[in-house]
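Before any comments, here is the structure.
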There are 2 protein chains.
Amino acid sequence: MELRQLRYFLKAKELLNFTEAANQLNISQSTLSQQIKQLEEEINVPLFNRIGKRITLTEAGLLFSEFAFQSVSRANDGLIMMKDLNNLNVGSLSIGVTYALRNLLTRALILFSEKFPDIKVKIVFGTSTELIDRLNSTELDFVLTFREQADDVHLRYRSLFSSPMTLVVSKNSNIAGRSSISLKEIMDLPLAFPDSGYSTIQFINNLLKLKKLKPNVLVEINDISTLLELVKTGVWNTILTQVSVDDIGLSTIPIQGKNMLREATVISLKDAYQKKAAEAFQNYL
Amino acid sequence: MELRQLRYFLKAKELLNFTEAANQLNISQSTLSQQIKQLEEEINVPLFNRIGKRITLTEAGLLFSEFAFQSVSRANDGLIMMKDLNNLNVGSLSIGVTYALRNLLTRALILFSEKFPDIKVKIVFGTSTELIDRLNSTELDFVLTFREQADDVHLRYRSLFSSPMTLVVSKNSNIAGRSSISLKEIMDLPLAFPDSGYSTIQFINNLLKLKKLKPNVLVEINDISTLLELVKTGVWNTILTQVSVDDIGLSTIPIQGKNMLREATVISLKDAYQKKAAEAFQNYL
DNA sequence: ATTTTTAAATCGGTTTTTACGATTGATTTA
DNA sequence: TAAATCAATCGTAAAAACCGATTTAAAAAT
């Protein structure tokens with residue numbers, strides 16, 4: 001039993017005329033006769049009464065047509081659904097993102113949802129390594145994070161922009177106006193740092209280790225919003241990537257030195273199918 | 001799109017292994033690859049991610065599989081319906097049942113077989129979840145079990161009767177005559193329990209956890225007949241649903257408290273065609 | 001009553017599709 | 001590093017779908 005046969009049967013049932021049905025199906029009358037016959041042999045019961053040259057539907061034909069119709073319909077519906085998926089009318093998207101790029105993500109999300117209101121979006125915050133793991137197990141469609149040292153051959157990297165590391169200070173700070181600052185100078189300031197799980201802080205710590213500098217870390221906290229609130233008080237300062245601090249009401253001072261640029265990157269699985277929705281979302285980043 | 005391709009796809013989706021799927025479908029692996037590819041080209045979206053040699057379902061694949069399954073199911077149901085029409089006196093019936101309802105089933109089976117001696121009946125014992133899985137994969141026509149908490153929209157439930165939970169003791173037990181007993185009292189008795197895979201025991205364990213009671217379980221066993229033999233010795237007692245213990249030569253004492261009723265239920269697939277034989281069998285339950 | 005027309009079934013041959021085995025390429029496991 | 005595993009691909013063989021022509025038989029027209 002094949003959908004083709006069911007389609008032929010339904011058309012024949014509709015018109016009760018094999019020749020005309022064959023015409024509308026763009027096949028020959030002989031083909032239609034053969035295929036109907038084959039179907040009847042498989043289900044072991046005639047679908048049509050052949051009274052002379054006139055055909056009528058049998059009881060079995062009537063009962064069977066309901067199933068044939070539904071089978072064909074469901075297949076067609078599946079096709080339609082796939083078309084919808086291609087047109088981004090349905091679907092879902094799972095995005096992994098590090099806290100540092102939260103602003104970037106939310107800005108894009110607002111625009112994307114406006115344009116594609118029917119796509120369900122799931123946002124997963126986490127550390128880079130955790131998110132990459134989830135990407136590899138296809139839980140996520142793509143990950144938004146800073147580029148790490150080692151490339152993975154299974155992953156595709158798409159750089160968005162570079163953002164400098166900056167010292168974040170209260171607007172009232174007496175160094176708020178400065179155009180740049182050295183790492184060494186920062187060592188004398190009271191600091192509040194993000195939790196060491198974050199890639200930004202790992203990046204910084206690696207740098208400091210290399211230069212044998214010791215920061216004066218008074219607070220360590222795993223929530224960036226709260227961290228920024230702390231910095232606003234003027235008591236502590238922190239180090240973050242520039243892009244994390246936009247529009248927050250704080251002053252930022254670029255840190256001197258090379259290697260002070262971090263690359264915001266979209267990471268996806270190289271060989272997996274990239275959803276249309278994922279592509280579309282990335283255009284808003 | 002043809003049913004053949006949908007069937008191939010569903011098997012590949014089930015096993016997530018083209019080679020094995022091809023084996024089970026009795027076709028070559030190359031054929032399967034080709035047909036899947038052809039289907040993907042028609043719907044214009046990949047159904048599987050090919051990450052190296054590993055295969056995972058895409059979002060589109062998951063969405064599409066629902067339609068594919070229904071399309072194939074409807075066609076199969078049509079075929080079954082025709083077979084039923086043809087010969088009401090032959091056919092086969094696959095029934096899933098939990099051990100607790102063994103008596104109910106065997107009684108019905110005896111009557112049914114007398115009336116319809118030519119219908120082959122296959123009985124599958126198992127846990128509720130296992131049987132529901134098999135029902136969903138259309139291996140079983142219906143499942144006979146106790147009603148669980150969560151309803152599934154794809155399933156149809158038909159309640160048969162309620163049966164109380166009872167303490168099962170030897171006829172010689174000094175508490176054999178009692179008209180009821182509390183859970184608390186039972187905690188002091190030496191108990192033999194069914195394997196924790198059985199829904200009855202999960203039901204009981206949930207209750208005990210809620211009431212923070214600790215039963216004195218000395219034996220755990222995954223065969224109900226043997227369990228009942230043990231109880232006959234008078235050394236151990238057990239808890240079962242009343243209906244499991246009828247006509248066994250043991251005393252039962254209803255357990256006090258509400259929520260002590262379990263509903264014996266016939267579960268079948270909501271949208272699938274129900275065989276005449278299945279209907280007939282259920283009349284004897 | 002006979003002829004004509006109409007429509008389904010059947011037959012032989014052609015084209016298309018499906019399937020297979022062998023091989024390749026890539027990945028995972030030992 | 002070698003062996004095993006698995007999906008993709010290629011060329012070919014088998015199966016099927018399809019077509020046109022013809023046959024058969026009933027209805028319609030004469």
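Only a predicted model underlies this, so the values are computations on that prediction, with no experimental measurement involved. Side-chain atoms are counted along with the backbone in the values below, which use heavy atoms only and exclude waters and symmetry mates. Sequence lines set the chain letters: A, B, ... in the order given, protein chains first and strands last, and positions in each chain run from 1.
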- Note on the structure: L15(B) atom CG is separated from dT5(D) atom P, nearest whole Å, by 17 Å
- Message: Counting only heavy atoms not in R156(B) (residues, nucleotides, ligands), do more than 12 fall under 6.0 Å from its CZ?
- Response: yes
- Message: With a 4.0 Å cutoff (strictly under), does any side-chain N or O of T19(B) reach OP1 or OP2 of dT5(D)?
- Response: no
- Rounded distance in Å - CG (N49(A)) to P (dA26(D)): 15 Å
- Query: Within this structure, what is the CD-to-C1' distance between Q35(A) and dA16(D), rounded to whole angstrom?
  - Reply: 8 Å
- Task: Using a heavy-atom cut-off of under 4.0 Å over every strand shown, decide if Q38(A) touches base, sugar-phosphate, or nothing.
- Result: sugar-phosphate
- Item | Phosphate contact (dA8(D) OP1 or OP2) by S33(B) side-chain N/O below 4.0 Å | yes
- Query: Which part of the nucleic acid, if any, lies within contact of L32(A), taking any heavy atom under 4.0 Å across all strands shown: a base, the sugar-phosphate backbone alone, or nothing?
  - Reply: nothing
- Message: Students often get this wrong, so: under 4.0 angstrom with heavy atoms, is Y8(B) touching a base, only sugar-phosphate, or nothing?
- Response: sugar-phosphate
- Query: Would you say a side-chain N or O of Q34(A) is under 4.0 Å from OP1 or OP2 of dC18(D)?
  - Reply: no
- Donor-acceptor pair, D141(B) side chain versus I95(B) backbone, under 3.5 Å? no
- Task: Would you kindly check whether a donor in the side chain of Q29(A) faces an acceptor in the base of dA7(C), or vice versa, at under 3.5 angstrom?
- Result: no
- Query: Has N17(B) got a side-chain N or O lying under 4.0 Å from the OP1 or OP2 atom of dT5(D)?
  - Reply: no
- Side-chain donor or acceptor of S71(A) paired with backbone N/O of F67(A) under 3.5 Å: no
- Provide, to the nearest angstrom, the distance between the CG atom belonging to N23(B) and the C1' atom belonging to dC6(D). 12 Å
- Query: Is the distance from OP1 or OP2 of dC20(C) to the nearest side-chain N or O of S28(B) less than 4.0 Å?
  - Reply: yes
- Task: Would you mind reading off the distance between K37(A) atom NZ and dA7(C) atom P, rounded to a whole angstrom?
- Result: 21 Å
- Would one find more than 12 heavy atoms of other residues, nucleotides or ligands at under 6.0 Å from atom CZ of F69(A)? no
- Task: Flag the pair K11(A) and E14(A) as a salt bridge only when some basic side-chain nitrogen lies within less than 4.0 angstrom of an acidic carboxylate oxygen.
- Result: yes
- Note on the structure: I36(B) atom CD1 is separated from dA8(D) atom C1', nearest whole Å, by 13 Å
- Message: Measure CG/L3(B) against P/dA17(D) and give the value in whole Å, please.
- Response: 12 Å
- Message: Taking only side-chain N and O atoms of S30(A), does any of them lie within less than 4.0 angstrom of OP1 or OP2 on dG20(D)?
- Response: no
- In terms of the nearest nucleotide of DNA chain D, which residue is placed more toward the 5' end: T31(A) or T31(B)? T31(B)
- Task: May I have the distance from L25(B) (atom CG) to dT18(C) (atom C1'), rounded to whole angstrom?
- Result: 14 Å
